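What follows is one structure encoded as structure tokens, with my remarks underneath.
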2 protein chains.
Amino acid sequence: MRKLERGSGEPLWKQLQEDLVRRLRSGEFDDAFPGELALVEEYEVSRHTVRQALGQLRTDGLIVAERGRQPRVATAPEIRQPMGALYSLFSSVEESGLPQHSVVRALDLRADGVVAARLNLEGSIPLLYLERLRYAGDEPLALDRVWLPASLAEPLLDADFTHTSLYNELAERTGINLDHGREDIRAMNPNPAERALLHCPADAAVFSIIRQGTAQNRPVEWRHTVVRGDRFALSAEYSANAGYRLTPATTALAQAW
Amino acid sequence: MRKLERGSGEPLWKQLQEDLVRRLRSGEFDDAFPGELALVEEYEVSRHTVRQALGQLRTDGLIVAERGRQPRVATAPEIRQPMGALYSLFSSVEESGLPQHSVVRALDLRADGVVAARLNLEGSIPLLYLERLRYAGDEPLALDRVWLPASLAEPLLDADFTHTSLYNELAERTGINLDHGREDIRAMNPNPAERALLHCPADAAVFSIIRQGTAQNRPVEWRHTVVRGDRFALSAEYSANAGYRLTPATTALAQAW
DNA sequence: CCGTCAGAAATGTACGTACATTCACGGTAG
DNA sequence: CTACCGTGAATGTACGTACATTTCTGACGG
């Protein structure tokens with residue numbers, strides 16, 4: 001039986017909400033979240049007040065509730081398709097109607113001290129390396145190189161990556177879903193090897209996208225993708241309400257303005 | 001007196017909320033938003049139901065309510081510093097500690113049918129044209145060209161843009177704040193004139209950023225900025241909670257990974 | 001003419017009740 | 001042992017009441 005200060009200026013539902021957040025963060029509710037009626041008894045407030053507090057927690061995404069069952073602590077809502085420039089890239093190709101496929105140029109285990117360091121791993125740890133040339137239509141669009149810790153990604157060694165996405169395979173074969181990532185996007189000119197592979201026109205530049213992805217605070221991927229600048233543009237919208245959002249939809253494949 | 005379908009599967013408060021959104025978008029409430037009691041009468045539901053619908057609208061930021069006064073339609077919360085790649089660019093320079101300044105290469109009124117069309121204006125309408133070369137430290141960083149409708153932006157003709165931002169001047173002199181924008185970001189090689197102006201190394205590419213900005217659905221700016229790719233990188237983070245966000249903070253000025 | 005103050009009006013908080021809807025569990029029949 | 005169904009429990013919806021708190025307005029007085 002817990003006490004809330006009545007008539008202290010702070011609304012009861014707010015006090016209740018804050019106390020629940022505190023207990024939630026302490027891990028007290030990891031097994032089961034108390035039901036509304038239990039909270040009514042515990043805090044000696046009306047169900048209305050409890051619901052007001054829970055409603056706040058729900059819109060904040062901390063708990064989920066459904067009819068007939070007790071509220072539960074929200075599991076970190078895994079990102080199905082990691083967002084960002086790369087997602088924007090491939091979904092925009094899809095919307096354009098051009099057929100996509102990949103040519104797998106390498107899929108093996110190897111050690112790479114430099115990349116391992118980027119993943120915050122020891123240099124000698126084996127990594128799964130996947131290199132693909134991605135086509136949109138008959139022309140190459142991007143060169144994609146990914147390193148993942150072999151300890152996590154080994155089940156992917158015999159996967160067929162010519163048509164499926166890395167994240168799909170990763171989720172299906174290992175249950176890992178990325179929940180956080182970071183991208184650095186640069187404009188540069190490709191080196192001769194990349195230019196040849198991508199069939200880049202002589203005067204075309206490229207996007208160089210470095211992505212680090214993590215799942216539950218563990219590094220999962222380090223990725224370097226080189227995208228032809230003459231066939232792709234990043235498109236973004238921002239507004240006071242929605243903030244800054246990449247819009248994979250529009251104007252993605254190259255055309256004059 | 002409006003009717004809601006009772007027992008139709010859809011909750012009353014949701015029907016009410018949707019109807020209010022519809023009426024709100026139609027501009028019916030631009031003068032005054034009805035109070036809770038008025039809605040109770042109009043829709044013949046309890047105040048509780050009305051509050052549930054309004055609560056949703058409030059968390060969505062469509063209306064604001066305070067004690068003792070009627071709810072009001074939320075004024076579009078103006079963006080002080082328009083977000084996006086350009087904001088990321090200049091704030092990251094600031095954080096790096098490098099001094100910034102601009103060389104104004106042009107500031108005049110002119111007509112340009114092509115740009116006017118991009119602003120959804122007639123070709124003969126005069127535009128204010130501002131062209132600046134932006135420095136970070138002693139080296140050029142970006143070439144920035146902006147067109148604004150002269151009808152709105154004429155008070156800016158005698159402004160000094162060597163150190164102040166366009167948006168600051170625009171807000172101070174005309175009261176206009178952008179509330180929506182759209183960017184297209186491309187990787188390309190600069191033309192010879194741009195390369196010379198920017199002191200671009202021979203093998204460096206550039207970001208070409210096209211931005212269209214609007215305030216209250218009226219086109220306000222059309223902007224073309226060319227940023228040296230060897231001195232700038234876009235940095236973004238995404239997470240399940242926060243979505244995709246540009247992070248002007250880190251690693252913005254060029255350095256090896 | 002202007003400042004002050006009381007009252008009206010509106011929203012915020014908090015209580016209560018009733019019923020609908022859905023889910024989980026356990027018992028029963030096959 | 002399994003499949004089905006009914007009961008109980010939980011949340012969702014919707015009604016009602018009361019009072020607190022804040023804001024606005026209009027009347028009154030200086």
Side-chain angles (χ1 to χ4, degrees), chain A residues 1-21 23-24 29-75, chain B residues 1-21 23-24 29-75:
Chain A
M1 183 122 49
R2 289 163 192 265
K3 289 258 169 66
L4 299 177
E5 284 183 39
R6 300 182 98 91
S8 70
E10 277 293 271
L12 284 181
W13 65 264
K14 190 153 201 174
Q15 295 180 44
L16 174 54
Q17 185 217 350
E18 281 162 6
D19 198 47
L20 289 175
V21 168
R23 295 172 72 184
L24 207 146
F29 300 140
D30 284 357
D31 307 328
F33 195 87
E36 294 178 356
L37 290 243
L39 292 172
V40 165
E41 292 234 341
E42 186 174 2
Y43 287 92
E44 294 183 307
V45 292
S46 74
R47 187 170 163 231
H48 181 65
T49 305
V50 169
R51 283 181 65 77
Q52 197 158 351
L54 293 185
Q56 192 71 27
L57 295 183
R58 213 172 6 167
T59 61
D60 291 352
L62 284 130
I63 61 173
V64 284
E66 289 171 75
R67 263 191 177 149
R69 47 170 50 170
Q70 289 206 351
R72 292 159 308 186
V73 178
T75 64
Chain B
M1 183 119 52
R2 290 167 190 262
K3 288 264 169 63
L4 300 177
E5 285 183 37
R6 300 182 97 92
S8 70
E10 277 291 274
L12 284 182
W13 64 264
K14 189 153 201 173
Q15 296 179 44
L16 174 53
Q17 185 218 355
E18 282 163 4
D19 199 45
L20 288 176
V21 169
R23 295 173 71 185
L24 206 145
F29 300 140
D30 284 358
D31 307 328
F33 195 87
E36 295 178 356
L37 283 269
L39 292 172
V40 166
E41 291 235 340
E42 185 173 2
Y43 287 92
E44 294 181 309
V45 292
S46 73
R47 184 166 165 235
H48 181 67
T49 304
V50 169
R51 283 182 65 77
Q52 198 158 349
L54 293 186
Q56 191 72 26
L57 295 184
R58 214 169 9 163
T59 63
D60 292 351
L62 284 126
I63 61 173
V64 284
E66 288 170 76
R67 263 191 177 150
R69 47 169 53 169
Q70 289 205 354
R72 292 160 307 187
V73 178
T75 65

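Because the structure is a prediction, the values reported are computed rather than measured. By convention in this document, chain letters (A, B, ...) are assigned in the order of the sequence lines, proteins followed by strands, and residues within each chain are numbered from 1.
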Rounded distance in Å - CD (A:E10) to C1' (D:dA20): 16 Å

field: ring-ring contact (aromatic ring centres under 6.0 Å, His included): pairs with one or both residues in residues 49-73 of chain B, sequence neighbours excluded
entry: none

Could you list, one pair per line, each protein nitrogen or oxygen that sits under 3.5 Å from a nitrogen or oxygen of nucleotides 9-11 of chain D, together with the distance?
residue	atom	partner	partner atom	Å
D:dT11	OP1	A:E36	N	2.7
D:dT11	OP2	A:E36	N	3.0
D:dT11	O3'	A:E66	O	3.4

- prompt: Under 4.0 angstrom, heavy atoms only, what part of the nucleic acid is A:S46 near: base, sugar-phosphate, or nothing?
  reply: base

- prompt: On DNA chain C, nearest-nucleotide positions of A:T49 versus A:R72: which is more 5'?
  reply: A:T49

field: Partners passing salt bridge (charged side-chain N to carboxylate O under 4.0 Å, His left out) against A:E42 (at least two apart in sequence or in another chain)
entry: A:R2, A:R23

query: Of all nucleotides in DNA chain C with an atom under 4.0 Å from a non-hydrogen atom of chain A, which is the first and which the last going 5' to 3'?
result: C:dT13 to C:dA24

For A:Y43, ring-ring contact (aromatic ring centres under 6.0 Å, His included) partners two or more places apart: none

- prompt: For A:R72, which residues count as a side chain to side chain contact (heavy atoms under 4.5 Å, CB included) partner, sequence neighbours excluded?
  reply: A:V64, A:E66, A:R69

message: Restricting to side chain to side chain contact (heavy atoms under 4.5 Å, CB included), what partner residues turn up for A:Q52, sequence neighbours left out?
response: A:W13, A:H48

statement: Computed from five pairs at either end and rounded to 10 degrees, the angle between the axes of the helix from C:dC1-D:dG30 to C:dG30-D:dC1 is 0°

field: For A:T59, all residues meeting side-chain hydrogen bond (donor to acceptor under 3.5 Å, both in side chains), sequence neighbours excluded
entry: none

Residues in side-chain hydrogen bond (donor to acceptor under 3.5 Å, both in side chains) contact with A:E36, at least two apart in sequence or another chain: A:R47, A:R51

- request: Just grab all the salt bridge (Lys or Arg N to Asp or Glu O under 4.0 Å) pairs involving residues 11-21 of chain B, residues at least two apart or on different chains.
  value: B:D19-B:R22

message: Contact between A:L39 and A:L20 at the side-chain level, heavy atoms closer than 4.5 Å - yes or no?
response: yes

message: Take a 6.0 Å sphere around CD of B:E10 and say whether it holds more than 12 heavy atoms from other residues, nucleotides or ligands.
response: yes

